[in-house]
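Report on the structure given below.
Convention: sequence-line order gives letters A, B, ...; per-chain numbering from 1. Heavy-atom basis, side chains included; hydrogens, waters and symmetry copies ignored.
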Protein chains: 2
Amino acid sequence: MAVSTLAQGASVLPLDEILDGDCIKVMNALPEGSVDLIFADPPYNLQLRGELHRPDNSRVDAVDDAWDQFDSFKAYDTFTRAWLKAARRLLKPNGAIWVIGSYHNIFRVGTALQDAGFWILNDVVWRKSNPMPNFRGKRLTNAHETMIWASKSEGAKYTFNYEALKELNEGVQMRSDWVLPICSGHERLKDDNGDKAHPTQKPESLLHRVLVGSTNPGDVVLDPFFGTGTTGAVAKLLGRHYIGIEREESYRKVAAKRLGQVRPLEASALETTISKRAQPRVAFGQLVERGLLRPGEVLVNPRGQAAKVRVDGSLVSAEHRGSIHQVGAALENAPSCNGWTYWQFKRDGRLIPIDLLRQQIRSEMHD
Amino acid sequence: MAVSTLAQGASVLPLDEILDGDCIKVMNALPEGSVDLIFADPPYNLQLRGELHRPDNSRVDAVDDAWDQFDSFKAYDTFTRAWLKAARRLLKPNGAIWVIGSYHNIFRVGTALQDAGFWILNDVVWRKSNPMPNFRGKRLTNAHETMIWASKSEGAKYTFNYEALKELNEGVQMRSDWVLPICSGHERLKDDNGDKAHPTQKPESLLHRVLVGSTNPGDVVLDPFFGTGTTGAVAKLLGRHYIGIEREESYRKVAAKRLGQVRPLEASALETTISKRAQPRVAFGQLVERGLLRPGEVLVNPRGQAAKVRVDGSLVSAEHRGSIHQVGAALENAPSCNGWTYWQFKRDGRLIPIDLLRQQIRSEMHD
DNA sequence: ACCACCCGTGAATCCAGTA
DNA sequence: TTACTGGATTCACGGGTGG
């Protein structure tokens, strides 16, 4: 994991190194058609206006680094098309690329990929199990990021380890949405002050799935925005070669130290477990959205008291309003109430527990 | 649900109708700034080898016509930018748009939205609980579609029913990934032959969430690619007005029949949890004016610090003076503070939150 | 050792009404 | 248009502390 400055026009691929410099120049100095996979986490071009505070008045540590600032969409597009062109030149004919982004930049990246001749294979949604909430209640919780997986060109024979991913997914086909936690805890690298070493470090679990699914042992994986080297760490662990490009010295330093601590897995151990999937919660409102209960319909409790369903899944009784649990608790004058087992609805003159509808939704979710 | 052909230059908005014709021409004939929400499910027809159609539905002659990939994207972009321009003209200043698509087209749509001046609020992933599997095992199961939600411009005051969506999500704020089944079963409309009436009919549950979250009863919702009218059906059910545009007669026919069978919900079922923001403002000074608090009376914060009420409704503590919010913020050394939930007063030796007095005034205002 | 509780924090385009 | 100010707003974890 030496950190090296690349001489112009190198004809030999520097494997398992972190290269210093602007990614476009460095990529153009590497030999054409020599890389199996590129994983890129480019700047997102977030356009943050002012400071943001949590409801408890603590300040959100935003991504305000200079490398994420662009003057306009046009400037961002120019940058994107330039690095994608250099990246495409580097790829072997059957190579592929992954690019990750958010709604701020991913549409521009996707358009540029298509215009450059890449052939999109899937867009993959990383659904974060623990995203940061929306503190002001003005939008939906931004709970996912998008990755685009594309081959160098249409008809190319890209690598796809279908069986391995199926295995990772408990025996069923891997889907285009991946539920994984964000990078936190001990995995999150800190600097000497104890602050996060990089504002946007990606979880290794994400790269694990990418590399298991779209590379083979011994392949060369390049990351032009190396940061703290998550791509390199997982590549090395999985017996792939990496090439990292990073222009910020502080990130290179952290990455080099990190990579020095990675010990590749034995060939026999290249299969790992996956994080368990949380049992999805079913919201009562889904019964309304999906037409299993009609807004305005009446639910009945064990005492025969009635409450009416509203479009947002809340209930209204003669004296109370709120969730199925809240209204149930109020009617029972109890501290809490499981609304799912408390309420019934009428069908064909018979009373049916609403929990049966929840079970129906749960069973559909497993399909 | 009459189906009508729009006369050029109509100055009156035809509500709750299905309009016949090309959506760009029809939209341009409707009055500017008259629509609250646009939901659009534009054609995806990219990368569909074999039967090629241009976005304007003209057939491609594979022999004479050089229909390479770049031309295809270029034509799609031209089409997209044209209908988005017409759509944006139609929107009220505080209106918003939703566009749904897949990786074939959504990146181009997103780029065009941004370039047209729309301001992206969220990208929302519709995670299909029952997608079609990938039969050949060559890619990931394409298990989601992407919706982009955007306001007409940056800084616009778009509609967002935060509390209603939170209620729909079992009391936690709604995320940007929605798990919903595809449209199937009885909901899936069939033609006279028993085949599906439309290839990409969207589930009503999806529109339910969109319309509850980003419109109010009475709003005007336009769908320029109406198809079998899912947008209209849910809008009518929820007490919103719809305008559908569809150029295929067979779809219009199915949609008209469908809409005729929809019976709007009662107003009481349409109500949702009212936002605190929407409640009338109460000035703290009113508590003094009305004698609920006496001038000179002492308020106490959570730390036990005291402040005295003055005749004009301002507070004085040992070191600070100003509004209940300002003194609270100063004592907490915080950027802001909600004085209503921060201060308490004493009655009969017990501490009571001043917010209770505000609620008392508010309830009197309803009488 | 274990559990309960508190605290910190994460790629964020995050306010509205009035003077 | 700008300035000011009232006041509304958070979910899932991990780690550390204290009992």
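Straight-line distance from the CG atom of N142(A) to the P atom of dT9(D): 20 Å, rounded to whole Å. As a whole-Å value, the separation of W340(B) CH2 from dT9(D) P is 15 Å. Going from atom CD of Q201(A) over to atom P of dT9(C) covers 16 Å, rounded to whole Å. The distance between atom CZ of F160(B) and atom C1' of dT9(D), rounded to the nearest whole Å, is 12 Å.
The stretch residues 42-52 of chain A does not touch DNA chain D, since none of its heavy atoms comes less than 4.0 Å from the strand. Less than 4.0 Å separates DNA chain D from at least one heavy atom of each of the following residues of residues 185-192 of chain A: G185(A), H186(A).
A donor-acceptor contact under 3.5 Å links the side chain of D41(A) to the base of dA11(C).
Using P as the reference atom, dA11(C) and dA8(D) are 30 Å apart when rounded to the nearest Å.
OP1 and OP2 of dA11(C) both lie 4.0 Å or more from every side-chain N or O belonging to K196(A). Residue N130(A) places none of its side-chain N or O atoms closer than 4.0 Å to OP1 or OP2 of dC13(D).
At a threshold of 4.5 Å between non-hydrogen side-chain atoms, the residues F160(B) and L140(A) count as touching. Side-chain contact between H198(A) and V254(A) is absent, with no heavy atoms from C-beta onward closer than 4.5 Å.
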Please list each protein N or O that sits under 3.5 Å from an N or O in nucleotides 1-6 of chain C, with the distance.
none

Are there any protein N/O atoms within less than 3.5 Å of an N/O atom in nucleotides 16-19 of chain C, and if so, which ones and at what distance?
from    : atom 1 : to      : atom 2 : distance (Å)
dA16(C) : OP1    : K138(A) : NZ     : 3.0

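Judged by closest nucleotide on DNA chain D, H325(B) is the one of V172(B) and H325(B) placed further toward the 5' end.
Listed by first residue number, the stems of DNA chain D with at least three Watson-Crick or G-U pairs below 3.5 Å are C:2-10 with D:11-19, C:15-19 with D:2-6.
Here N57(A) lies out of heavy-atom contact (under 4.0 Å) with every strand.
With sequence neighbours excluded, no residue forms a salt bridge (Lys or Arg N to Asp or Glu O under 4.0 Å) with D223(A).
Side-chain proximity of S184(A) to the nucleotides dG14(D), dT9(D), dA11(C) is greatest for dG14(D).
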